[in-house]
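All values below come from the heavy atoms of this structure, side chains included, with hydrogens, waters and symmetry mates left out. Computed from a prediction, not measured in an experiment: that's the story for all the values here. In what follows, chains are A, B, ... by sequence order, proteins preceding strands, each numbered from 1.
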Amino acid sequence: MPEGHSIHRVAGALTSIFAREQVQARSPQGRFIAGAQILDGQQAGVAQAWGKHLFLPFRPTSQPGGEGDTDLAKLQAGADTGYPNWLHVHLGLYGSWRFDTDQSHPLPHAIGAPRVRIGEGDERVEDAGSTETWLLPQPRGQVRLRLHTEHAVADLSGPNRCEILDPVQVADTLDKLGPDPIRDHSGDEDRFVTLMRRRSIPIGQAVMDQSICAGPGNIYRAECLFRTRINPNRAAKQVSENRLRTLWRDLVVALREGVRDGKIITVPTELVPAHIAPEDKEARRFAVYHRTGRSCLRCGATVREKNLAGRKLFWCPGCQN
DNA sequence: GATACATGAAAAG
DNA sequence: TTTTCCTGTATCC
């Protein structure tokens, strides 16, 4: 259940273990055999994330060329990256990446629904890729795609999307996405404001609309609207430009902290409870998310919950106006 | 053993 | 607006 910050961490992990390496690809589960066959034996480039979308570029080892620049903004503008095959993964609600490495690479933390590492405790097998000092762990559960070298393995389970795109298709995918606060390129804040002010849907819904803003999920939308005191039920176009700018900047801060920390902690320092009730452990991490019926850490009003477009929305009716 | 649920999004109605 | 897809875990019999 990852929001955008997790995907940027996945990109970092995949880059650290696979970039510039020749990678073996398999589909232990069997649902991505043709795709794995295309990637198998190819050289990976630097992985990229845009919102919740992950892109890992590949090219045949026979293909000449230098480093190759996999920057998505340049690709979107039509530049040749030197990589013909792009693995595109969206984890959806319960996809996950899990990693194992030998001693040569730091072990990336698992990302997604099952927050456990592969490797430890798992049965190991002498498989292609195993070395004298490192045996590949047996795939656990439904592994759609396994990527590995002699030093590291990444297992992908339960993705919403897992496909191979050519550069034009990658650009088409990016065209449908709004600006990503983690990337925060110049002009992104203006674009965010423009897109928001065109919409009559509640801003609580708009923040999660990936064509307006790519990256925030249910937690960041609740927490950042709380932090900026915006009522999520208000129509997006009805929120002042100033407050929209404040919201964008808060999303930039919150999501980037998420990338840095590897977890979502959004309670402002001054609101962190000195001591917390046993039944309210979440209060240290979240101000409103999953705090229905509890007292607002800022104003004391009772935090509310309701269903909005199929997802649970949490907010404080006291201080979000 | 059901069953509900999850930090998502697209398709179907 | 509802259904569907993808998987694993928690919780309830």
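- Between the CZ atom of Arg98(A) and the P atom of dT9(C) there is a distance of 8 Å, rounded to whole Å.
- Under 4.0 angstrom from either OP1 or OP2 of dT7(B) there lies no side-chain N or O belonging to Tyr220(A).
- Within 4.0 Å (heavy atoms only), Gln29(A) reaches sugar-phosphate atoms of the nucleic acid but no base atom.
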Can you check nucleotides 9-13 of chain B for protein contacts, nitrogen or oxygen pairs under 3.5 Å, and list what you find?
unit_1: dA9(B); atom_1: OP1; unit_2: His90(A); atom_2: NE2; d: 3.4
unit_1: dA9(B); atom_1: OP2; unit_2: Lys52(A); atom_2: NZ; d: 3.0

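- Within 4.0 Å (heavy atoms only), Gly141(A) reaches sugar-phosphate atoms of the nucleic acid but no base atom.
- Scanning both residues, Leu145(A) and Ala36(A), for their nearest heavy atoms gives CD1-CB, 4.1 Å.
- Looking at Val267(A) and Arg284(A), their side chains never come closer than 4.5 Å, going by heavy atoms from C-beta outward.
- Summarising the geometry, the separation between CD on Glu223(A) and P on dT7(B) is reported as 13 Å, rounded to the nearest angstrom.
- One interatomic measurement links the two molecules: CD of Glu3(A) to P of dT7(B), which rounds to 8 Å at whole-angstrom precision.
- Taking atom CG on Leu313(A) and atom P on dG8(B), their separation rounds to 13 Å, with Å as the unit.
- Ile111(A) has its CD1 atom 13 Å from the C1' atom of dT7(B), to the nearest Å.
- Between Arg144(A) and dC5(C) there is no side-chain N or O to OP1 or OP2 distance below 4.0 Å.
- Ring geometry for Phe55(A) versus His53(A): interplanar angle under 30°, hence parallel rather than tilted (30 to 60°).
- Under the side chain to side chain donor-acceptor pair (under 3.5 Å) rule, Arg245(A) has a single partner from Asp190(A), Asp250(A), Thr228(A), which is Asp190(A).
- Aromatic ring orientation, Phe314(A) versus Tyr289(A): perpendicular (interplanar angle above 60°, classes split at 30° and 60°).
- Between the NZ atom in Lys312(A) and the CG atom in Asn218(A) there is a gap of 9.5 Å [rounded to 0.5 Å].
- Among the protein residues, Ile264(A) comes within range of the nucleic acid bases, having at least one heavy atom under 4.0 Å from a base atom.
- Atom pair Ile219(A):CD1 and dG8(B):C1' shows a separation of 13 Å (rounding to whole Å applied).
- The side chain of Asn218(A) lies closest to dG8(B), out of dT7(C), dA6(B), dG8(B).
- Going from atom CG of Asp155(A) over to atom C1' of dT7(C) covers 14 Å, rounded to whole Å.
- Atoms CD (Glu305(A)) and C1' (dT7(B)) sit 15 Å apart, rounded to a whole Å.
- Nucleotides dG8(C) and dA10(B) place their C1' atoms 22 Å apart, quoted to the nearest Å.
- Heavy atoms of Lys312(A) sit under 4.0 angstrom from primed sugar atoms or phosphate atoms, though from no base atom.
- Annotation: dT7(B) and dT1(C) have their C1' atoms spaced 23 Å apart (nearest Å).
- Of the residues listed (Arg146(A), Arg26(A), Arg140(A), Arg98(A)), the one engaging Asp155(A) in a side chain to side chain donor-acceptor pair (under 3.5 Å) is Arg146(A), and it is the only one.
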